[in-house]
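Counting starts at 1 for both ligands and their atoms, following the listed order.
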Amino acid sequence: MTRTSLSRFLIEQTRSHQTPAELRFLIEVVARACKMINHQVSKGALGGVLGSMGTENVQGEVQKKLDVLSNEILLEANEWGGHLAGMASEEMDNAYQIPGKYPKGSYLLVFDPLDGSSNIDVNVSVGTIFSVLRCPDRNGEEGDLGEEAFLQAGTEQVAAGYAIYGPQTMLVLTLGNGVKGFTLDSEMGSFILTHDNIRVPETTAEFAINMSNQRHWEAPVKRYVDELLQGQEGPLEKDYNMRWVAAMVADVHRILTRGGIFMYPRDAREPEKPGKLRLMYEANPMSFIIEQAGGVSTNGHQRIMDIQPESLHERVAVFLGSKDEVERITGYHSK
Ligand code: F6P
Ligand code: MN
């Protein structure tokens, strides 16, 4: 049986959908970096890579050694190829400038280098999330690339994907025409197309939310989850099941595979922070993937990909997954 590698898939995309060679190269480089991150993650205690750095990122979260290592791997892999005008990462305060000795390209890469990193030390799935934007025309302007270049709505993404480092390592990718899943053949060192047309079922009986925050949620979320918990005897007349891995990549991957609704609502703990998840690095790329797979993604009030970002590290409430349930909770927000 002929196997389709990621490279072959990308070359065929260039032929059938005019995917630019520069974008093809970018995806290949990101995939290569993910293989390197996968290698480091899988070494665990043997590689001396577990534990914290003793530093905090711009969000005030403790950085793990693997957060920092994964960030460096992505930067080093992507800075020299001439395909990028700049990068931004959840782990860096400001936009990353392509060193002057390298040519610059037309794309911007933003990423969460190691999502769900609190799972690392307990050997549970983690991942890398990325999003690709076009760099706006700078009208010949030289000098550092500012944050404004990155502040584009999710609808402007030209590609998005994630790698999941789990029982299998997979790369899930959209270039705006459906969602493909590739499984890493670690003996051959290549990603092989194994999931050709990923679709999120429209209906579901499975939800994912951190229930310990219940007392802080807004009224529509309290109402919705209360109805889910009432099951067959409640207004939804159906028993629901709950799963929470606490790595967005893993929870979204499950939902892509068998349906479900993922929620990280805003809550009353820190009113100035609307939600926990980052719009640019997490919510937008995952929304692009979910929508391309037939699902829906909102912040309770509007489509996430329509939000105009105001800052690089902006946070947002997230409700994504199976259409029927995401539409239900979005509807509750307007009541
Ligand atoms: O990146 C943030 C993140 O780790 C997500 O991957 C995950 O969905 C969420 O935070 C887990 O949050 P909590 O710690 O509240 O379970
Ligand atoms: Mn994350």
Looking from the Mn ion (ligand 2), what is the angle between OD2 on Asp112 and OE2 on Glu282, to the nearest 10°?
90°
Rounded to the nearest 0.5 angstrom, the CG-CG distance for Leu26 and Asn78 is 6.0 Å
Is the Trp217-Tyr224 ring centre distance short of 6.0 angstrom?
no
Measure and list all N/O to N/O distances between ligand 1 and the protein that fall under 3.5 angstrom.
residue	atom	partner	partner atom	Å
ligand 1	1 (O)	Asp115	OD1	3.2
ligand 1	1 (O)	Arg278	NH2	3.4
ligand 1	1 (O)	Glu282	OE2	2.7
ligand 1	6 (O)	Asp115	OD1	2.7
ligand 1	6 (O)	Asp115	OD2	3.2
ligand 1	6 (O)	Met248	N	2.7
ligand 1	8 (O)	Met248	N	3.4
ligand 1	10 (O)	Lys276	NZ	3.2
ligand 1	12 (O)	Lys276	NZ	3.0
ligand 1	14 (O)	Lys276	NZ	3.2
ligand 1	15 (O)	Asn210	ND2	2.9
ligand 1	15 (O)	Tyr264	OH	2.6
ligand 1	16 (O)	Asn210	ND2	3.2
ligand 1	16 (O)	Trp244	NE1	2.9

Verify side-chain contact (heavy atoms from CB on, under 4.5 Å) between Val132 and Leu108, making sure each step is shown before the conclusion.
CA-CA 6 Å; Val132 182; Leu108 300 172; over 6 Å; no
Of all heavy-atom pairs linking Pro99 and Glu79, the shortest is CG-OE1, 3.5 Å
Using the benzene-type ring in the case of Trp, are the ring centres of Phe182 and His195 under 6.0 Å apart?
no
Test of ring centre spacing under 6.0 Å for Tyr107 and His83
no
Calculate, to the nearest 0.5 Å, the distance between atoms OG1 and CD1 belonging to Thr298 and Ile290 respectively.
12.0 Å
Strictly under 2.8 Å, is the Mn ion (ligand 2) approached by any N, O or S atom of Asp115?
yes
